[in-house]
Amino acid sequence: MAESVKMQFEVLYRAGTKSFPDQAADLAAALDGIGAVHQQWYEPTVRAGSPPALAQALEINRTVYGLLRRAVLSFQDAASAVVLITKDFQARDAEARDAMHALGIKESDIQAPPMAAPPTFGQATS
């Protein structure tokens, strides 16, 4: 049982402090490029008279940005939730506390790293 608790604690700890925040950061980096591309496409599209294909490309870009932004926020929320679950788990369960100590994790280590909310589409393209 103790090994099971130790493994579960380690998975929760790693997901909340590393895996989910890293996924959020990777997707947030992609958002930067999508916002920049939209801005680069906008003026030539307008100058060309907004042909349907270019106008649709701009709309697809906006949609992809919104979906990726939502994914970033979801990963950030998941990281925060898992950190709270991990803290609660170790605070209420002696085996979890022992497992945490066996892994060399201090109570103060159980924190979601700082994660800035990604800019909205309007902020990214202005």
(message) Filter on salt bridge (Lys or Arg N to Asp or Glu O under 4.0 Å), then keep only pairs touching residues 114-126, sequence neighbours left out; what's left?
(response)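 Those involving residues 114-126 do not exist here.
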(request) Could you name each residue pair satisfying salt bridge (Lys or Arg N to Asp or Glu O under 4.0 Å) that touches residues 38-47, not counting sequence neighbours? (result)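 Matches after skipping sequence neighbours: Glu43-Arg47.
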Just by modelled atom types, is the [Y] backbone N or O under 3.5 Å from a matching donor or acceptor in the [X] side chain?
| X | Y | value |
| --- | --- | --- |
| Gln56 | Ala53 | no |
| Arg62 | Phe121 | no |
| Glu107 | Gln90 | no |

Expected list for residues 14-35: side-chain donor-acceptor pairs under 3.5 angstrom, two or more places apart:
| residue | atom | partner | partner atom | Å |
| --- | --- | --- | --- | --- |
| Thr17 | OG1 | Tyr13 | O | 2.6 |
| Lys18 | NZ | Asp22 | OD2 | 2.8 |

(message) Run the side chain to side chain donor-acceptor pair (under 3.5 Å) test against Asp77 and tell me which residues pass, sequence neighbours left out.
(response)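 If we apply the side chain to side chain donor-acceptor pair (under 3.5 Å) test to Asp77, skipping adjacent residues, there are no hits.
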(request) Please list, chain by chain and in numerical order, all residues satisfying side chain to side chain donor-acceptor pair (under 3.5 Å) with Ser50, sequence neighbours excluded. (result)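 Side chain to side chain donor-acceptor pair (under 3.5 Å) list for Ser50, sorted by chain: empty.
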Can you measure from [atom1] ([X]) to [atom2] ([Y]) and round to the nearest 0.5 angstrom?
| X | Y | atom1 | atom2 | answer |
| --- | --- | --- | --- | --- |
| Leu54 | Glu59 | CG | CD | 13.5 Å |
| Thr63 | Leu68 | OG1 | CG | 11.0 Å |
| Met100 | Ile105 | CE | CD1 | 7.5 Å |
| Arg97 | Glu95 | CZ | CD | 10.5 Å |
| Arg70 | Leu67 | CZ | CG | 5.5 Å |
| Tyr42 | Thr125 | OH | OG1 | 9.5 Å |

(request) List in chain and number order the residues that pass salt bridge (Lys or Arg N to Asp or Glu O under 4.0 Å) with Asp98, two or more places apart in sequence or in another chain; answer none if no residue qualifies. (result)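 Counting only residues at least two positions away or on another chain, Asp98 forms no salt bridge (Lys or Arg N to Asp or Glu O under 4.0 Å).
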Same cluster or not: are [X] and [Y] linked, directly or through other Ile, Leu, Val, Met, Phe, Trp or Tyr residues, by side-chain heavy atoms under 4.5 angstrom apart?
| X | Y | answer |
| --- | --- | --- |
| Leu58 | Tyr65 | no |
| Leu84 | Val11 | no |
| Val46 | Ile60 | no |
| Phe89 | Leu103 | yes |

If you compare all heavy atoms of [X] against all heavy atoms of [Y], which two are closest, and at what distance to 0.1 Å?
| X | Y | result |
| --- | --- | --- |
| Gln76 | Pro118 | OE1-CD, 4.2 Å |
| Ile110 | Val83 | O-CG1, 3.7 Å |
| Ala79 | Met115 | CB-CE, 3.8 Å |
| Pro44 | Gln40 | CD-O, 3.1 Å |

(message) Less than 4.5 Å apart, side chain to side chain, heavy atoms only: is that true for His101 and Lys106?
(response)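 They are not in side-chain contact.
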